[in-house]
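These values consider heavy atoms only, across backbone and side chains, with no hydrogens, waters or symmetry-generated copies. Throughout, a chain's letter reflects where its sequence line sits, starting with A, and its residues are numbered from 1.
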Amino acid sequence: MASNHTALPFIKVQQQDFDLTSEMTKLRQGHKNIGAVVSFIGTVRDMNEGDEVSVLELEHYPGMTEKALEKIRLEAHQRWELEASLIIHRIGKLYPADQIVLVAVASQHRENAFYAAHFIMDYLKTNAPFWKKETLPNGDIRWVDSRVSDQEAKKRWAV
Amino acid sequence: MASNHTALPFIKVQQQDFDLTSEMTKLRQGHKNIGAVVSFIGTVRDMNEGDEVSVLELEHYPGMTEKALEKIRLEAHQRWELEASLIIHRIGKLYPADQIVLVAVASQHRENAFYAAHFIMDYLKTNAPFWKKETLPNGDIRWVDSRVSDQEAKKRWAV
Amino acid sequence: MIQILYFANFRELLGQSEEKIPSTHATVSDLLVELAARGGDWKRALTENTQLQIAVNHNIASRETPIKAGDEIAFFPPVTGG
Amino acid sequence: MIQILYFANFRELLGQSEEKIPSTHATVSDLLVELAARGGDWKRALTENTQLQIAVNHNIASRETPIKAGDEIAFFPPVTGG
């Protein structure tokens, strides 16, 4: 069930999985002049901080999350010449190797799509209200800490 | 029909189309610690040099093309910490909006996958022996010129 | 009235995800003083936690951000999506 | 013998995609001299075309690259894949 509080057509926050091919097909529809499509998929790793992870649970802030993602997406469209873009982020319980997030960007020339997709991911990591809780095989549950490296990564886009 | 002269499992030069989801699934198989997968798809634009394009025909150098692609792929693995990567390039007659090329790179952390996929595309553009011939709606046929911008793009990866 | 939301470890620690209270605060800082006066976990979570993040009406805010009746104020830790 | 391949507009202009000739050349340059001596399109394509790219045994080469019997030499324009 998508929690599209704000009816933003290129932002989806949902529990269910997504299919890359069909999302890419939808993204490209009606844009014949696209020459490049870059996609990023984030997946659940089976290790974090040296520990095996059994379950990852994602919480978000309904309403604010969608707005924050749309703001990042529009900022990317302002910085680079893009034809279309899309962000899907899953919430709820996920397991190792599951897909967590999809960022897809289509443009006429490849450089813009590469930069924009990377930019969106770097900003999503620090600016979109999601929180992760992981369960270890021994049953221990802990909230995942934010990373200094994600704050650092954002700096490359300073204008 | 794949022309895998050299039996390189992560390089495919083929006439037939490819399905992104199934290629990504194969790429990720057996690599549970992947956290990031970046894919690039190049598609046939309906315009080039200001003219509408009806058909794009791709020729390659069997044997050398596969080796050149594998060399670029391995160079990416040397430069960044990657879990897996894949290059598929189509040949023969293609039409506007058709997929031409897929570069997919999987890694633990997103930055490596973004850089490596971009690097592979920039090098593929200048180092892999493919040639494009386009047919215009009036029947005119012309070879596509290489771009100075592709030579320039490569320079960002100078070490 | 103002609407207050708590997310992630703040929600768990404070034992609630939302509440409505009368609007008597000029800024987020004033609200934090009132909530911290509840003592115990409230004091620790809201005034001694350097990781506290604040949003007012879905926008990232700070302790100095003004608030008024009808506002939605959220408290949460640094985000970890993606 | 050496194997010579022509690709893209070179193949079209010269009217053939491959040929085998006796190996009598020390370098690619010597081979180009022999082929250009055929005159007409051969001369224009192989000695007056600044876009000529060369590969010897699947590796990018130059006019100075040595060649020997059994080698595969290819001539083509700048590549335009992707």
Side-chain angles (χ1 to χ4, degrees), chain B residues 5-6 13 40-45 48-49 56-72 87-91 94 99-103 117-134 141-151 153-154, chain D residues 1-21 23 25 27-28 31-32 35 40-42 44-82:
Chain B
H5 286 244
T6 42
V13 179
F40 173 89
I41 291 181
T43 57
V44 182
R45 293 170 54 201
N48 190 30
E49 307 285 343
L56 190 69
E57 188 159 5
L58 273 133
E59 178 177 338
H60 80 303
Y61 181 170
M64 179 172 171
T65 304
E66 292 82 351
K67 280 186 206 166
L69 294 175
E70 179 69 354
K71 196 175 161 191
I72 298 167
I87 306 174
I88 302 178
H89 203 299
R90 296 178 68 194
I91 50 174
L94 300 175
Q99 304 188 113
I100 303 173
V101 59
L102 169 65
V103 171
H118 198 167
F119 168 88
I120 290 172
M121 272 311 299
D122 281 352
Y123 271 69
L124 184 156
K125 281 273 176 184
T126 57
N127 290 23
F130 291 101
W131 301 276
K132 284 175 181 158
K133 190 158 84 172
E134 58 193 13
I141 295 180
R142 65 186 182 197
W143 289 95
V144 175
D145 275 337
S146 64
R147 289 174 197 274
V148 175
S149 62
D150 285 329
Q151 290 293 339
K154 232 176 85 170
Chain D
M1 302 292 278
I2 54 173
Q3 173 85 8
I4 314 178
L5 304 177
Y6 306 97
F7 290 100
N9 56 349
F10 286 84
R11 176 175 45 72
E12 290 185 342
L13 187 66
L14 303 175
Q16 63 188 101
S17 60
E18 55 183 310
E19 62 178 315
K20 272 198 159 67
I21 65 169
S23 173
H25 325 83
T27 64
V28 172
L31 171 60
L32 286 168
L35 295 172
D41 289 332
W42 291 89
R44 274 191 292 282
L46 298 177
T47 61
E48 294 164 13
N49 187 334
T50 56
Q51 300 248 294
L52 176 72
Q53 308 285 307
I54 303 158
V56 174
N57 298 331
H58 294 166
N59 293 309
I60 292 295
S62 70
R63 285 174 170 74
E64 290 68 45
T65 303
I67 54 179
K68 60 182 192 311
D71 281 353
E72 177 175 303
I73 297 102
F75 298 113
F76 47 82
V79 306
T80 59

Once you round to the nearest 0.5 Å, how far does [atom1] of [X] lie from [atom2] of [Y]?
{"X": "B:D150", "Y": "D:T80", "atom1": "CG", "atom2": "OG1", "result": "9.5 Å"}
{"X": "B:M64", "Y": "D:N57", "atom1": "CE", "atom2": "CG", "result": "10.5 Å"}
{"X": "D:N9", "Y": "B:E59", "atom1": "CG", "atom2": "CD", "result": "9.0 Å"}

Is a side-chain N or O of B:K132 found less than 3.5 angstrom from the main chain of D:G82, in a donor-acceptor match? yes

So, for D:V79 and B:N127, which heavy atoms are closest and what is the spacing to 0.1 Å?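 The pair with the smallest heavy-atom distance is CG2-N, 4.1 Å.
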
Indicate the atoms forming the closest heavy-atom contact of D:G81 with B:F130, along with that distance.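 Shortest heavy-atom contact: CA-CB, 3.4 Å.
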
Relative to chain B, which segment of D:I60 carries a heavy atom at a distance below 4.5 Å: side chain, backbone, both, or neither?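 Looking at D:I60, backbone and side chain both touch chain B.
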
So for D:E12, is it side chain, backbone, both, or neither that comes closer than 4.5 Å to the heavy atoms of chain B?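 For D:E12, side-chain heavy atoms alone lie under 4.5 Å from chain B.
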
Aromatic ring pairing B:W131/D:F7, orientation class (parallel under 30°, perpendicular over 60°, tilted between):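 Taking D:F7 first and then B:W131, their aromatic rings lie parallel (interplane angle under 30°).
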
Of all of D:Q53, D:E72, D:Q51, which one pairs up most often with chain B through heavy atoms under 4.5 Å apart?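 Of the options given, most contacts go to D:E72.
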
Sort out for me which of D:A8, D:A55, D:P78 touches chain B most, counting heavy-atom pairs under 4.5 Å.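 That would be D:A8.
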
Best-contacting candidate, B:M121, B:K71, B:R147, B:H89, against chain D by heavy atom pairs under 4.5 angstrom: B:H89

Please classify the contact of B:K133 with chain D as side chain, backbone, both or neither, using a heavy-atom distance under 4.5 Å. side chain

